[in-house]
Amino acid sequence: MKIISRKSLGVQPVFDIGLAGDHNFLLDNGYIASNCFNKSHSVAYGYVTYQTAYLKANYPVEYMAALLSSVSGDQDKVQRYIANCRSMGIPVLPPDVNSSGEDFTPRGHQILFGLAAIKNLGAGPIAAILKARKEDGAFTSLADLCSRLDSRSLNKKALEALIQTGALDLLEPNRRQLMNDLDITMEWASRRAKEQASGQGNIFDFFGESSNTKTFDIAPTTNRVGDYSSQEKLRLEKELLGFYISDHPLSVVSRSARLMAPINLCDIPESSETKIVTAIAIILDIKEVITKKGDHMAILQLEDLTGSTEAVVFPKTYDKVKHLLEKDKRLMVWGKIDRRDEQTQLIVDDMQPIESVRMVRVELTREQASDRQVLQQLKNALNPNPNHNYGNSSRGNSSYGRNNEPENSNKIPVIAAIEYMPKLVRLGNQFWVQDEETAVKALKEAGFKATYDALITK
């Protein structure tokens with residue numbers, strides 16, 4: 001069948017969704033062919049969309065568990081969906097060697113972490129764990145686990161992954177103790193297996209108590225030690241999972257983060273290039289760079305509760321914030337989105353430790369919140385000299401809650417508590433202030449009820 005381009009013959013176009021004109025063709029039998037998105041295809045997509053929305057609305061725990069299982073090999077997506085679970089009020093529990101399956105599993109109103117999402121724990125070890133658990137019941141100790149699964153089924157690296165991700169916490173909550181005991185426990189289990197294979201056994205085996213927990217009371221242990229710090233536990237979880245699971249360094253400010261930094265880092269690739277971003281994040285990695293001129297700058301890896309992104313600190317900003325550039329440092333970051341060579345990054349303008357972040361809270365009635373004149377009075381009270389703070393005041397806007405806001409030297413956000421509204425409202429950057437005490441005093445003098453507070457108390 002000969003195909004002739006419609007573009008060359010001037011044939012009347014047919015419906016063609018999202019494709020260039022020369023994708024419609026005149027066939028030699030007189031028919032017109034096109035890469036059309038036909039109605040049956042559209043109906044199928046619409047039906048699947050409806051089903052998906054129905055399941056998420058009516059079976060949220062089961063839906064999110066299935067969604068997490070479908071992306072268990074993609075750490076970025078797993079982290080994003082776990083953040084979605086938290087925002088939906090669905091706790092995602094750490095892995096448990098006695099309860100977790102291969103995939104994420106719904107359990108009541110919670111989701112149990114799937115073993116397949118743990119690094120260094122392949123399909124073979126997972127299958128061996130599940131089989132042993134099904135045949136002989138729950139594991140009672142590290143010695144029991146090592147005794148029932150030899151090193152060919154579950155090697156040292158896999159056991160370390162289970163310990164450091166919290167999968168053995170219900171057997172022994174002290175992860176450092178388990179790590180210290182691991183080598184001698186594995187040696188003991190290996191020696192015991194060889195004795196049983198050769199018919200030697202031990203005193204408990206001779207008395208028919210090989211399956212009794214007393215057998216494992218004789219397993220050697222090291223001297224008791226203190227557990228890892230919470231920060232060290234999280235660091236080890238991060239190494240083996242790609243994200244934090246039992247807790248997160250930013251969880252203490254999770255509610256404030258949603259209010260003061262409405263754009264998540266995972267959303268940056270889809271955000272407008274001119275958008276001014278406020279983020280509450282933790283520094284995962286720092287790479288210092290010296291420019292051709294000999295100036296110092298840095299490339300950071302930042303992470304919030306939803307994901308991570310690359311951030312660039314140019315020399316001028318670097319001189320201002322270099323004392324804050326430490327791994328695991330929790331910061332409030334101001335910056336701008338930049339795209340180059342199909343790569344999205346955050347250009348940092350300023351940053352501040354979250355411990356020193358302050359906010360101003362003002363109470364408004366519903367009538368005040370919708371009255372432009374009142375909002376202008378509020379703005380004037382907060383920023384009596386707007387040209388000094390913003391340069392060209394025409395860039396400002398008296399409405400609040402906008403994401404694409406003018407650059408602002410003021411770093412203290414203003415939060416509005418509006419009458420009868422359950423959630424607080426973050427006012428736009430044009431309302432932000434430089435000094436919380438001065439701002440609260442000015443608001444009170446203008447007739448508003450206002451206070452100020454720290455982002456976190458510790």
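- Side chain of S70 to main chain of L67: a donor-acceptor pair is present (N/O by atom type, distance under 3.5 Å, no hydrogens or angles).
- Between the side chain of S356 and the backbone N or O of P353 there is at least one donor-acceptor pair closer than 3.5 Å.
- The side-chain contact (heavy atoms from CB on, under 4.5 Å) check on P315 picks up T291, D295, M297, with sequence neighbours excluded.
- Of all heavy-atom pairs spanning S72 and V78, the tightest one is CA-CG2, 3.8 Å.
- Closest approach of V61 and G108 over heavy atoms only: CG1-O, 3.8 Å.
- Using a 4.0 Å cut-off between charged nitrogen and carboxylate oxygen, D349 and K336 do not count as a salt-bridge pair.
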Report task. Could you walk me through whether T222 and Q177 pass side-chain contact (heavy atoms from CB on, under 4.5 Å), step by step? Result -> CA-CA 8 Å; T222 60; Q177 187 68 50; 3.2 Å; yes

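- Evaluation of the ring pair (Phe, Tyr, Trp, His ring centres under 6.0 Å) rule for Y244 yields H248 as partners, not counting sequence neighbours.
- Evaluation of the salt bridge (Lys or Arg N to Asp or Glu O under 4.0 Å) rule for D227 yields K233 as partners, not counting sequence neighbours.
- The structure places CG of L121 at 8.0 Å from OG1 of T165, a figure rounded to the nearest 0.5 Å.
- Taking the charged nitrogens against the carboxylate oxygens, D453 and R361 have no contact shorter than 4.0 Å, which rules out a salt bridge.
- L378 has its side chain within reach of L382: a pair of non-hydrogen atoms, C-beta onward, lies under 4.5 Å apart.
- A donor-acceptor pair is defined here as one N or O able to donate and one able to accept, closer than 3.5 Å; such a pair exists between the side chain of R133 and the backbone of V97.
- Looking only at distances, a side-chain donor or acceptor of T105 sits under 3.5 Å from a matching main-chain atom of D103.
- The distance from the CE atom of M351 to the CD1 atom of I280 is 13.0 Å, given to the nearest 0.5 Å.
- Checked by atom type and distance alone, the side chain of N174 pairs as donor or acceptor with a backbone atom of V225 at under 3.5 Å.
- The backbone N or O of V313 lies less than 3.5 Å from no partner atom in the side chain of T317, so there is not a single donor-acceptor pair.
- Using a 4.5 Å heavy-atom cutoff, the side chains of V312 and V348 are not in contact.
- Residues satisfying the side chain to side chain donor-acceptor pair (under 3.5 Å) criterion with E363, sequence neighbours excluded, are absent altogether.
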- prompt: Is there a side-chain hydrogen bond (donor to acceptor under 3.5 Å, both in side chains) between D144 and T140 once you walk through the steps?
  reply: CA-CA 6 Å; D144 184 18; T140 58; 3.1 Å; yes

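- Put simply, the side chain of L325 reaches to within 4.5 Å of the side chain of I283, judged on heavy atoms.
- The residue from L171, T221, L182 that alone fulfils the side chain to side chain contact (heavy atoms under 4.5 Å, CB included) condition with L142 is L182.
- Using a 4.5 Å cut-off on side-chain heavy atoms (C-beta onward), F104 and L93 make no contact.
- By the salt bridge (Lys or Arg N to Asp or Glu O under 4.0 Å) test, D328 is found to be paired with no residue, residues two or more places apart in sequence or in another chain being considered.
- The aromatic rings of W432 and W334 sit perpendicular, their planes meeting at an angle over 60°, well past the 30° parallel limit.
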Give the intermediate values and the outcome of side-chain contact (heavy atoms from CB on, under 4.5 Å) for residues M64 and I111. CA-CA 8 Å; M64 293 305 297; I111 296 175; 3.8 Å; yes

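- The heavy-atom pair separating A442 from A381 by the smallest distance is CB-O, 3.4 Å.
- A salt bridge does not link E239 to K119: none of the charged side-chain nitrogens sits closer than 4.0 Å to a carboxylate oxygen.
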- Query: Run the salt bridge (Lys or Arg N to Asp or Glu O under 4.0 Å) check on E237 and R175 step by step: do they pass?
  - Reply: CA-CA 12 Å; E237 287 179 7; R175 298 183 191 179; 3.2 Å; yes

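- The CD1 atom of I163 sits 11.0 Å away from atom CG of L236, with the distance rounded to the nearest 0.5 Å.
- Between F448 and L364 the shortest side-chain heavy-atom distance falls below 4.5 Å.
- Proximity of V360 to I412: side-chain heavy atoms (C-beta onward) are separated by under 4.5 Å at one or more points.
- For the pair A281 and L302, the tightest heavy-atom approach, listed with the atom from each and the gap, is CB-CB, 4.1 Å.
- Of the inter-residue distances, the one linking T451 atom OG1 with M359 atom CE reads 10.0 Å to the nearest 0.5 angstrom.
- By the 4.0 Å N-to-carboxylate-O rule, E172 lies close enough to R224 to be salt-bridged with it.
- Pairing each heavy atom of L115 with each of P95, the nearest pair is CD2-CB, 4.3 Å.
- Counting only distance, with no hydrogens or angles, the side chain of S370 and the backbone of E367 share a donor-acceptor pair below 3.5 Å.
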- CA sep, side-chain torsions, deciding dist, call: V92, R86, side-chain contact (heavy atoms from CB on, under 4.5 Å): CA-CA 8 Å; V92 179; R86 287 171 176 154; 5.9 Å; no

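- Counting only heavy atoms from C-beta outward, the side chains of D183 and K156 approach each other to under 4.5 Å.
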Before giving the answer on side-chain contact (heavy atoms from CB on, under 4.5 Å), spell out for I415 and V362 the whole-Å C-alpha distance, their side-chain angles and the decisive distance to 0.1 Å. CA-CA 6 Å; I415 309 300; V362 59; over 6 Å; no

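- In this structure a side-chain-to-backbone donor-acceptor pair under 3.5 Å is missing from S308 to D304.
- In terms of modelled atom types and a separation under 3.5 Å, the side chain of D285 and the main chain of Q301 share no donor-acceptor contact.
- Between N155 and M186, the shortest heavy-atom contact is C-CE, 4.3 Å.
- Taking 4.5 Å as the limit, every side-chain heavy atom of R80 sits out of range of all side-chain heavy atoms of V71.
- Salt-bridge check for E232 with R235: passed, with a basic side-chain N closer than 4.0 Å to an acidic carboxylate O.
- In the displayed structure, Q373 atom CD is contacted under 6.0 Å by at most 12 heavy atoms of other residues, nucleotides or ligands.
- Summarising the geometry, atom OH belonging to Y452 is positioned 8.5 Å from atom CG belonging to D435; distances are rounded to the nearest 0.5 Å.
- Taking the side-chain contact (heavy atoms from CB on, under 4.5 Å) definition, one finds that A161 meets it with I118, N120, L240, sequence neighbours left out.
- In terms of modelled atom types and a separation under 3.5 Å, the side chain of R330 and the main chain of P249 share a donor-acceptor contact.
- Counting heavy-atom neighbours within 6.0 Å of K320 NZ, excluding the residue itself, gives a total above 12.
- Between K449 atom NZ and T365 atom OG1 the span is 10.0 Å, to the nearest 0.5 Å.
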